[in-house]
Amino acid sequence: MPLIAITCGLYASPYRFIDALSTLYQCTVYEDPVLVKQTGQAHDLKTDLIFKSIQGRHIPFDNFTHDRKKCLAALKVQISENILSGPCLFSGVLSHLIPASVCGIYRIMSATPMQVRNQRAMTLYQLSSQAAAAAISRSDHRDQRFAAQLNLDSLWDPALHDMVLEWKKTDPVAHDMTGEEVTRILGKIRSDIESAMENANKNMHAVDFNISSRVDAALSCLGHHLIIESDSGHVLVTLDKKVMNLARTQKEIMDLACVVPGVKSVKTKIGPNFYKGGIVRNLNLTAPFKRKT
């Protein structure tokens, strides 16, 4: 089953390349706004709240409501369900929510020239050159904040991708890659994509991603920093930051995770960044001498 992810920023989508890929492999294309809308409808979340969570913007009372964790977990659930529903192609940055453990995904980074992005903004959205540059800059900064939430230095690291899509020939009228260039690149990478498809058919990693995502959504109400992994339905939850009462937290995790469909067993462990909270240290301090007058 084809599973392709193309990382691209605002006004940077390689439309002709995406159309050719989706036609060739009969993929459903999911752009970031589509994923956000799907998630909002399926999980009864406001789209504005989901965008704030992605972009790292301030969410009032998030320390109590844990809305950011809920939104990101819901996005993972939606992405995993789309993967299980059939061949899909993700366009944007949200595909980085798919963990590296999901084999068979072919990741592409689009090195869209800034000139193309500016021209699209001015032509398609009637923005001035200055407004286009400002909008792109703001969007790129938001993408960087999203990367920080995923503990990534950058979403544009070539090491995170199977290939870098370089725009060697562009159509100055359509502000896109030329059809000949698209055909050339497809011929070059087709064998790699089909090899990734074979790996996808031989594992259950997409199913485990769905299970771990639903467990993440169930535990998001706790607000703890958790790393959740699933191996054929056997879930391991790692507590990677301090909690005030470890035993109670472990029980809450077990109670919530065990009832998630598809979960066969649940274990917890302490991560490398965990340390106990609520410790009161006894210091041997003496009062200063009273000065004589």
Side-chain angles (χ1 to χ4, degrees), residues 1-38 79 82-83 85-98 102-129 131-133 135-137 139-140 143 154-201:
M1 180 181 70
L3 178 55
I4 303 169
I6 299 179
T7 299
C8 52
L10 184 67
Y11 311 131
S13 182
Y15 297 118
R16 281 179 174 167
F17 184 72
I18 289 174
D19 288 343
L21 270 178
S22 60
T23 301
L24 179 62
Y25 294 112
Q26 297 298 301
C27 295
T28 302
V29 178
Y30 298 99
E31 295 183 329
D32 287 352
V34 173
L35 290 173
V36 170
K37 184 177 180 180
Q38 283 183 325
I79 291 171
N82 288 343
I83 292 173
S85 67
C88 50
L89 188 156
F90 297 101
S91 174
V93 299
L94 292 183
S95 61
H96 286 275
L97 289 170
I98 304 173
V102 178
C103 298
I105 180 170
Y106 193 79
R107 296 183 182 270
I108 301 170
M109 185 187 78
S110 178
T112 312
M114 189 61 69
Q115 181 181 0
V116 171
R117 300 176 70 183
N118 280 318
Q119 287 296 326
R120 281 183 177 176
M122 289 187 290
T123 304
L124 301 178
Y125 300 94
Q126 289 76 50
L127 296 179
S128 66
S129 177
I136 292 170
S137 178
S139 177
D140 288 349
D143 290 345
S154 172
L155 301 178
W156 315 102
D157 183 359
L160 299 175
H161 303 83
D162 296 293
M163 74 158 292
V164 176
L165 183 64
E166 297 180 354
W167 294 51
K168 293 184 178 180
K169 296 181 180 179
T170 58
D171 184 340
V173 177
H175 310 301
D176 205 340
M177 302 175 69
T178 62
E180 295 80 5
E181 182 69 3
V182 169
T183 302
R184 184 189 70 81
I185 295 172
L186 281 180
K188 183 178 178 181
I189 67 171
R190 187 167 180 175
S191 60
D192 294 335
I193 294 176
E194 291 172 359
S195 176
M197 289 164 54
E198 291 177 3
N199 291 333
N201 292 332

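All of these numbers come straight from a predicted model, not from anything done at the bench.
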For the backbone of [Y] and the side chain of [X], can you confirm whether one donor and one acceptor N or O come within less than 3.5 Å of each other?
X: Asp32; Y: Val93; result: yes
X: Thr183; Y: Gly179; result: yes
X: Asp162; Y: Ile108; result: no

### Task
Might you point out which heavy atoms bring Asp157 and Met109 nearest each other, and give the distance in Å?
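Heavy-atom minimum between the residues: N-SD, 4.4 Å.
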
Contact between [X] and [Y] at the side-chain level, heavy atoms closer than 4.5 Å - yes or no?
X: Glu194; Y: Tyr25; result: yes
X: Ile83; Y: Ile105; result: no
X: Ile185; Y: Glu166; result: no
X: Arg184; Y: Lys168; result: yes
X: Ser22; Y: Thr28; result: no
X: Leu160; Y: Arg107; result: no
X: Arg117; Y: Asp140; result: yes
X: Asn82; Y: Leu35; result: yes

Let me check something: any side-chain donor-acceptor pairs from residues 9-21 under 3.5 Å, sequence neighbours excluded? List them with distances.
unit_1	atom_1	unit_2	atom_2	d
Arg16	NH1	Asp171	OD2	3.4
Arg16	NH1	Met177	O	2.9
Arg16	NH2	Asp171	OD2	3.3

### Message
Holding to ring pair (Phe, Tyr, Trp, His ring centres under 6.0 Å), I want the full list of residues that pass it with His175, two or more places apart in sequence or in another chain.
### Response
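Partners of His175 under the ring pair (Phe, Tyr, Trp, His ring centres under 6.0 Å) test: none.
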
#### Entry: With sequence neighbours excluded, residues passing ring pair (Phe, Tyr, Trp, His ring centres under 6.0 Å) with Tyr30
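Partners of Tyr30 by the ring pair (Phe, Tyr, Trp, His ring centres under 6.0 Å) criterion, ordered by chain and then number, come out as Phe90.
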
Please enumerate all residues that pass side chain to side chain contact (heavy atoms under 4.5 Å, CB included) together with [X], with sequence neighbours excluded.
X: Asp192; answer: Tyr106
X: Ala111; answer: Val164
X: Ser191; answer: none

